[in-house]
Amino acid sequence: MKELEDRILRDGKCLEGGILKVDGFINHQMDPLLMKSIAVEFARLFASDGINKIITVEASGIAPAIITGYQMDLPVVFAKKKKPVTMDDMLTASVYSFTKQRNYDICVSREFLHEGDRVLFIDDFLANGNAAMGIMSLVNQAGAELVGMGFIIEKAFQHGGERLRAEGVRVESLAVIESLDNCKITIKGRGAAE
């Protein structure tokens with residue numbers, strides 16, 4: 001998605017350790033017009049797949065998921081990272097966070113994820129694929145079907161996309177980062193930022 005790639009090259013920042021910082025327009029301060037364009041593209045990509053529910057993980061996946069849900073006229077469920085006292089019947093999975101360097105449990109109420117649901121997972125980043133694998137576990141536990149996964153940015157050098165595709169998951173990434181070597185952002189098919 002050219003608009004997104006241009007924005008990453010212009011405003012994204014590379015940090016040591018393979019971290020791409022896009023908090024000025026995606027996952028801290030958000031650009032609603034860019035987020036709408038992202039949602040329109042996800043809706044286009046998955047329009048004919050019979051999806052009836054979108055799922056994400058709090059917190060950075062909520063904005064793109066809710067706007068995609070709006071575009072597709074679908075409910076959006078987000079997996080919580082802390083069990084609320086109001087949730088008693090839930091599905092849980094353990095996830096390792098690359099950016100936070102720790103394990104955490106995600107949970108979804110069985111009330112909102114059912115057998116027979118056709119689910120689309122939307123998130124901001126695909127790195128190692130740990131959050132995605134956690135979502136796959138929740139969807140499987142519910143007896144639902146994972147139709148596909150949409151990511152704003154895929155860091156191909158961290159191989160999460162390969163891992164998911166090897167599991168047979170349809171993965172659609174709107175921008176694919178090939179490398180952050182020497183703190184230069186290299187986008188697949190475009191080369192490095194100047």
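We number each residue from 1, following the sequence as shown.
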Colleague: What is the minimum heavy-atom distance between G161 and E154, and which atoms define it?
Modeller: CA-OE2, 3.5 Å

Colleague: Looking only at the side chains, is there a donor atom on one of S37 and E41 sitting less than 3.5 Å from an acceptor on the other?
Modeller: no

Colleague: Is the closest side-chain heavy-atom distance between V57 and I62 below 4.5 Å?
Modeller: no

Colleague: Under 4.5 Å between side-chain heavy atoms, counting indirect links through other Ile/Leu/Val/Met/Phe/Trp/Tyr residues: same cluster for M149 and M35 or not?
Modeller: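 In one cluster: no.
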
Colleague: Working note: I187 + L9, criterion side chain to side chain contact (heavy atoms under 4.5 Å, CB included); need CA distance, chi angles, decisive distance, verdict.
Modeller: CA-CA 8 Å; I187 294 180; L9 292 174; 3.6 Å; yes

Colleague: Under a 4.5 Å cut-off applied to non-hydrogen side-chain atoms, are D181 and T186 in contact?
Modeller: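 D181 does not reach T186 side chain to side chain.
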
Colleague: Would you say L174 ends up clustered with V22 if hydrophobic residues are merged whenever their side chains have heavy atoms under 4.5 Å apart, either directly or through other cluster members?
Modeller: yes

Colleague: Is the backbone N or O of G24 less than 3.5 Å from a side-chain atom of Q29, with the two atoms forming a donor-acceptor pair by type?
Modeller: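 Yes; judged by distance alone, with no hydrogens or angles, the pair exists.
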
Colleague: If you measure from the Lys or Arg side-chain nitrogens to the Asp or Glu carboxylate oxygens, is any gap between D23 and K13 under 4.0 Å?
Modeller: no

Colleague: Closest heavy-atom contact between A43 and M72?
Modeller: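 Taking every non-hydrogen atom into account, CB-CG, 3.5 Å.
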
Colleague: With a 6.0 Å cut-off (strictly less than), is the heavy-atom count around NZ of K81, excluding the residue itself, greater than 12?
Modeller: yes

Colleague: Under the side chain to side chain contact (heavy atoms under 4.5 Å, CB included) rule, what do I54 and F42 come out as? Steps first, then yes or no, please.
Modeller: CA-CA 11 Å; I54 294 172; F42 282 140; over 6 Å; no

Colleague: Do you reckon L74 sits in the same ILVMFWY cluster as L146, going by side-chain contacts under 4.5 Å, direct or chained?
Modeller: no

Colleague: May I ask you to test the M136-V169 pair for a side-chain heavy-atom distance under 4.5 Å?
Modeller: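 They are in contact (side-chain heavy atoms under 4.5 Å apart), so the answer is yes.
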
Colleague: Is it possible for you to say whether V76 and I152 belong to one hydrophobic cluster, with membership spreading through side-chain heavy-atom contacts below 4.5 Å?
Modeller: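 Yes: a chain of side-chain contacts under 4.5 Å links V76 to I152.
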
Colleague: Between atom CD of E115 and atom CZ of R110, what is the distance when rounded to the nearest 0.5 Å?
Modeller: 11.0 Å

Colleague: Go through R118 and E145 one step at a time and tell me if the salt bridge (charged side-chain N to carboxylate O under 4.0 Å, His left out) criterion holds.
Modeller: CA-CA 5 Å; R118 291 179 53 81; E145 180 184 352; 2.8 Å; yes

Colleague: For the CD atom of Q71 and the CZ atom of R44, what is their distance to the nearest 0.5 Å?
Modeller: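 Between atom CD of Q71 and atom CZ of R44 there are 13.0 Å.
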
Colleague: Identify the two heavy atoms, one from V119 and one from A144, that lie closest to each other, and give their separation to 0.1 Å.
Modeller: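 Looks like CG2-CB, 4.1 Å.
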
Colleague: Do K21 and I26 come within less than 4.5 Å of each other through their side chains, counting heavy atoms only?
Modeller: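 K21 vs I26: side chains apart.
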
Colleague: Is the backbone N or O of K184 less than 3.5 Å from a side-chain atom of N182, with the two atoms forming a donor-acceptor pair by type?
Modeller: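 Judged by distance alone, no pair lies under 3.5 Å.
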
Colleague: Quick one, I153 and L126 - any side-chain contact, counting heavy atoms below 4.5 Å?
Modeller: no

Colleague: Output yes when E172 and R165 qualify as a salt bridge under the 4.0 Å nitrogen-oxygen rule, no when they do not.
Modeller: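 Salt bridge: no.
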
Colleague: Inspect the surroundings of NE2 in H114 and state if more than 12 heavy atoms from other residues, nucleotides or ligands are less than 6.0 Å away.
Modeller: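 Atom NE2 in H114 is packed in, count exceeds 12.
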
Colleague: Return the CD1 to SG distance between I185 and C14, rounded to the nearest 0.5 Å.
Modeller: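 Atom-to-atom, I185:CD1 and C14:SG are 6.0 Å apart.
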
Colleague: Any link between L120 and F78 through a network of hydrophobic side chains (Ile, Leu, Val, Met, Phe, Trp, Tyr) touching at under 4.5 Å?
Modeller: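 L120 and F78: separate clusters.
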
Colleague: Within the 4.5 Å heavy-atom criterion, are K155 and F125 side-chain neighbours or not?
Modeller: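 SC-SC contact between K155 and F125 confirmed.
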
Colleague: Rounded to the nearest 0.5 Å, how far apart are OG of S137 and CG of L91?
Modeller: 8.5 Å

Colleague: State whether the side chain of T56 and the backbone N or O of D123 hold a donor-acceptor pair below 3.5 Å, judged by distance alone.
Modeller: no

Colleague: Report yes if some heavy atom in the side chain of I106 is under 4.5 Å from a heavy atom in the side chain of T92; otherwise report no.
Modeller: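 No - every pair of side-chain heavy atoms lies 4.5 Å or more apart.
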
Colleague: Answer whether the closest heavy-atom distance between the side chains of L164 and M133 falls below 4.5 Å.
Modeller: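 Yes, side chains in contact.
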
Colleague: So, do F151 and F121 have ring centers that fall under 6.0 Å from each other?
Modeller: yes

Colleague: Measure the spacing between CD1 of I51 and CG of D49 and express it to the nearest 0.5 Å.
Modeller: 5.0 Å

Colleague: Does the pair R10/D6 count as a salt bridge with the N-to-O cut at 4.0 Å?
Modeller: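 No, no charged N to carboxylate O under 4.0 Å.
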
Colleague: Look only at the side chain of E3 and the backbone of L34, and say whether a donor-acceptor pair between them is shorter than 3.5 Å.
Modeller: no

Colleague: To the nearest 0.5 Å, what is the distance between NZ (K53) and CZ (F112)?
Modeller: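 CZ of F112 is found 8.5 Å from NZ of K53.
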
Colleague: Is there a donor-acceptor pair under 3.5 Å between the side chain of R163 and the backbone N or O of N128?
Modeller: yes

Colleague: Where do K80 and M90 land on the side chain to side chain contact (heavy atoms under 4.5 Å, CB included) test, with the steps shown first?
Modeller: CA-CA 11 Å; K80 295 179 176 268; M90 64 184 161; over 6 Å; no

Colleague: Carefully, step by step, assess F46 and R170 under the rule side chain to side chain contact (heavy atoms under 4.5 Å, CB included).
Modeller: CA-CA 10 Å; F46 293 101; R170 176 182 172 195; 3.5 Å; yes

Colleague: Counting distance only, does the side-chain N/O of N130 pair as donor-acceptor with the main-chain N or O of Y96 below 3.5 Å?
Modeller: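 Confirmed, N130 side chain pairs with Y96 backbone.
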
Colleague: So, does S109 use its side chain to make a donor-acceptor pair with the main chain of E111 at under 3.5 Å?
Modeller: yes

